[in-house]
Amino acid sequence: MPLRNYVSYNAMLSGYLRNAEFSLARNLFDRMPKDLFSWNLMLSGYVRNRRLRDARVLFDSMPQKDVVSWNAMLSGYVRSGHVDEAREVFDKMPHKNSISWNGLLAAYVRSGRLEEGSLLFESKSDWELISWNCLMGGYVKRSMLGDARLLFDQMPIRDVVSWNTMISGYAQDGDLSQARRLFEESPVRDVFTWTAMVCAYVQNGMLDEARRVFNEMPQRREMSYNAMIAGYVQYKRMDMARELFEEMPFPNIGSWNIMISCYCQEGDVAQARNLFDRMPQRDSVSWAAIIAGYAQNGHYEEAMNMLVEMKRDGEGLNRSTLCCALSTCAHIAALELGKQVHGQVVKTGYENGCLVGNALVGMYCKCGCIDEAYEVFQGIQRKDIVSWNTMLSGYARHGFGRLALTVFESMITAGVKPDEITMVGVLSACSHNGLTDRGTEYFHSMDKDYGVKPNSNHYTCTVDLLGRAGRLEEAQNLIRNMPFEPDVATWGALLGASRIHGNMELSEKAAEMIFKMEPHNSGMYVLLSNLYAASGRWVDVSKIRLKMREVGVQKTPGYSWVEVHNKIHTFTVGDCFHPEKRRIYAFLEELDLEMKQEGYVPSTKLVLHDVEEEEKKHMLKYHSEKIAVAFGILTIPAGRPIRVMKNLRVCEDCHNAIKHISKIVGRLIILRDSHRFHHFSEGICSCGDYW
DNA sequence: GTAGGGTTAG
């Protein structure tokens, strides 16, 4: 056995680390003779692969540290956005070099904490050019062009990056004339400079001008093509985008990614998938784009499958793929899976960042765990508008209107300016909780107080708000005085309200408007036909059904699902495919008897079809949500809540029945329907029977 | 440090 020295051990260690063979590397590391270089190797291996906890443990146990070790630990925190930890390390460092200073500045800039960044910048005068550019880039990203320009003018020396950053800042801001001026003034131009000008014209909708600059460029790189393609995409010129893409001699991953994500946005996932499969190489962006594409177009199973594929392909989870994974879990309410992803998130240390944090909050909200959502929300260090909106509308959907409004007030106190989505959350919180006057006040003052002009969503919420409270006349007035044409959703809100309050005439009027606009909207046919059925107008019911057949619309089938032991069980009305159906139906019979003793009376008027009374009861008994609830009770361990999801709104009879069931079996039942959450416990529902 | 993705409502 030849004698090995530090150098050969270190070479071997670095080989393992390069290939991300952590267990092999660690094994070797623990047994080999180590010098400081070995420790630093292992440490930076962990840092590069985002294994922050391992890195920290190693760092703390190091027998000695040099500036490289400190910088490695610092950069671990910088990369993962743990700014406060980065600061702590920075403050403790016995010696700092320019890498340390640049690192901390970058941490502030990247996480958008520009105030602190500029304070740090002012505390020292001999900054390197790269730091000037970094801070200026931070201002540009936040559209703080005045501050960026101030810095630009003060710089002792400028390089081509400085010029490019400023020019592309103006370009992105749509300030074509400033961009143009700097472009003329700039002593040097490279591909970035020219590409920034392409962007400047694109931002102003001047595609032909952009193309002219593109054609004039002395040299082109992939990114120049990509900017032009992105421009075409932005203005829905898919044909031109595709043409240029096909012309590219060597499209890079970015080019493919743009094409994929824009096909996804157009709803053409098949085309996107086609490109995805043809790509010579993929990166995390490609995976994120295709997974999000599936998720956003409602193909949740495909999205989940692709996530599995991705891991098999060796692509690690990063912020964006974790995000996609969480939002997919949220859509299908796969709580167990979501929790597993949460575990991954904790390992990588993204939990307290905005992007992944927001996705986690959304996942817990949509899976019915509002308390867990709030916990994560509180842990997000720098909450952005999305964090606030997610939490606010989460509370609103769960029927905790006052909590939602408390979040809203804290948001205002924190100095975050509400946007359109915030106000939808506020109005729907009021609507779900019968806070009618408060809601209308918000509606009328939102433009004045927060500078948010009511859009059709806000009108719809307010029509809903007034309508539910029975103020149908006011709701109609609101529609009449809208500054734009009411859309299907607005009429839908009026229809829903007039249905609750039994105003047949108004219902028919609203339905007629909807049919005119969207002859294929199946939900509206069903709503109206339910309405007729409820008042025994069977002739009209059959007319509707005839019409449905004429225009070829089909009722969206209702289904419910429940997650048990990591598996999703889906049920349809009168489901007879589930392997445990005998057990479930026997249990339902049992429950039915007990419910009746408790005073439950089936509300048969809600059954759509004209059948005999006894048979109607039978049909109600086997609605998908009841089956799912029964299955949940049978299989989910006592003490744990039962979480059931439904794709449509819960029917009145089921709502009533589940209230009784929650009391009989003494369990918390959380039902998510297409509209909101219902927490059933001890015979009461959190919605207060107002939904 | 100067493309491309990902999170929020109805």
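Note that A:K383 lies in the cation-pi zone of A:F377, set by a 6.0 Å cut-off to the ring centre and a 45° limit from the axis.
One interatomic measurement links the two molecules: CD of A:Q203 to P of B:dT2, which rounds to 17 Å at whole-angstrom precision. Residue A:R221 contributes atom CZ, which lies 11 Å from atom C1' of B:dT2 at whole-angstrom precision. Between A:I260 atom CD1 and B:dG6 atom P the separation is 11 Å, expressed in whole Å. Atom-to-atom, CZ of A:R672 to P of B:dA9 comes out at 10 Å; the value is rounded to the nearest Å. As a whole-Å value, the separation of A:M228 CE from B:dG4 P is 14 Å. Across the protein-nucleic acid pair, A:N455 atom CG and B:dG10 atom C1' stand 10 Å apart, rounded to whole Å. As a whole-Å value, the separation of A:M279 CE from B:dG5 C1' is 11 Å. In this structure, A:R468 places its CZ atom 12 Å from C1' of B:dG10, rounding to the nearest Å.
When the nucleotides B:dG5, B:dG10, B:dT8 are ranked by their closest atom to the side chain of A:V424, B:dG10 comes out on top. For A:N457, counting side-chain heavy atoms from C-beta on, the closest listed nucleotide (B:dT7, B:dA9, B:dG6) is B:dA9. Here the side chain of A:C323 is nearest to one of B:dT7, B:dT2, B:dG5, namely B:dT7. For A:S428, taking side-chain heavy atoms from C-beta onward, the closest of the listed nucleotides B:dG6, B:dT2, B:dG10 is B:dG10. The nucleotide whose nearest atom lies closest to any side-chain atom of A:N257 is, among B:dG4, B:dT2, B:dT8, B:dG4. Here the side chain of A:N226 is nearest to one of B:dT2, B:dA3, B:dG6, namely B:dA3.
Side-chain to base pairing of A:D283 with B:dG4: one donor and one acceptor N or O lie within less than 3.5 Å of each other.
Residue A:Q265 places no side-chain N or O under 4.0 Å from the OP1 or OP2 atom of B:dG5. An OP1 or OP2 oxygen of B:dA9 is reached within less than 4.0 angstrom by a side-chain nitrogen or oxygen of A:K366. The side chain of A:R397 contributes no N or O atom lying less than 4.0 Å from OP1 or OP2 of B:dT8.
Within 6.0 Å of OH in A:Y374 there are 12 or fewer heavy atoms belonging to other residues, nucleotides or ligands.
At the heavy-atom level, A:S261 lies under 4.0 Å from the strands shown only through sugar-phosphate atoms. Counting any heavy atom pair closer than 4.0 Å across all strands shown, A:N252 reaches a base atom. Heavy atoms of A:A292 sit under 4.0 angstrom from primed sugar atoms or phosphate atoms, though from no base atom. In this structure, A:R282 reaches neither bases nor backbone, as no heavy-atom distance under 4.0 Å exists between it and the strands shown. A:Q296 comes within contact range of the sugar-phosphate backbone alone, with a heavy-atom separation under 4.0 Å but no base atom that close. Counting any heavy atom pair closer than 4.0 Å across all strands shown, A:I258 reaches sugar-phosphate atoms only and no base atom. Nucleic acid contact class of A:K141 (heavy atoms, under 4.0 Å, all strands): sugar-phosphate only.
Note: A:H398 and A:F677 have parallel aromatic rings, judged against thresholds of 30 and 60 degrees for the angle between ring planes. Between A:W127 and A:F121, the ring-plane angle classifies as parallel under the 30° and 60° cut-offs.
With 3.5 Å as the limit, one finds a donor-acceptor pair spanning the side chains of A:N389 and A:D419. A donor-acceptor pair shorter than 3.5 Å can be found between the side chains of A:S431 and A:D464.
A search for side-chain hydrogen bond (donor to acceptor under 3.5 Å, both in side chains) contacts involving A:Q219 returns nothing, not counting sequence neighbours. A:K646 is linked by a salt bridge (Lys or Arg N to Asp or Glu O under 4.0 Å) to A:E625, counting only residues two or more places apart in sequence or in another chain.
For DNA chain B, the residues of residues 384-396 of chain A within the heavy-atom distance limit of 4.0 Å (strictly under) are A:V386, A:N389, A:T390, A:S393, sorted by number.
A:R649 places no side-chain N or O within donor-acceptor distance of the main-chain N or O of A:D673, the cut-off being under 3.5 Å.
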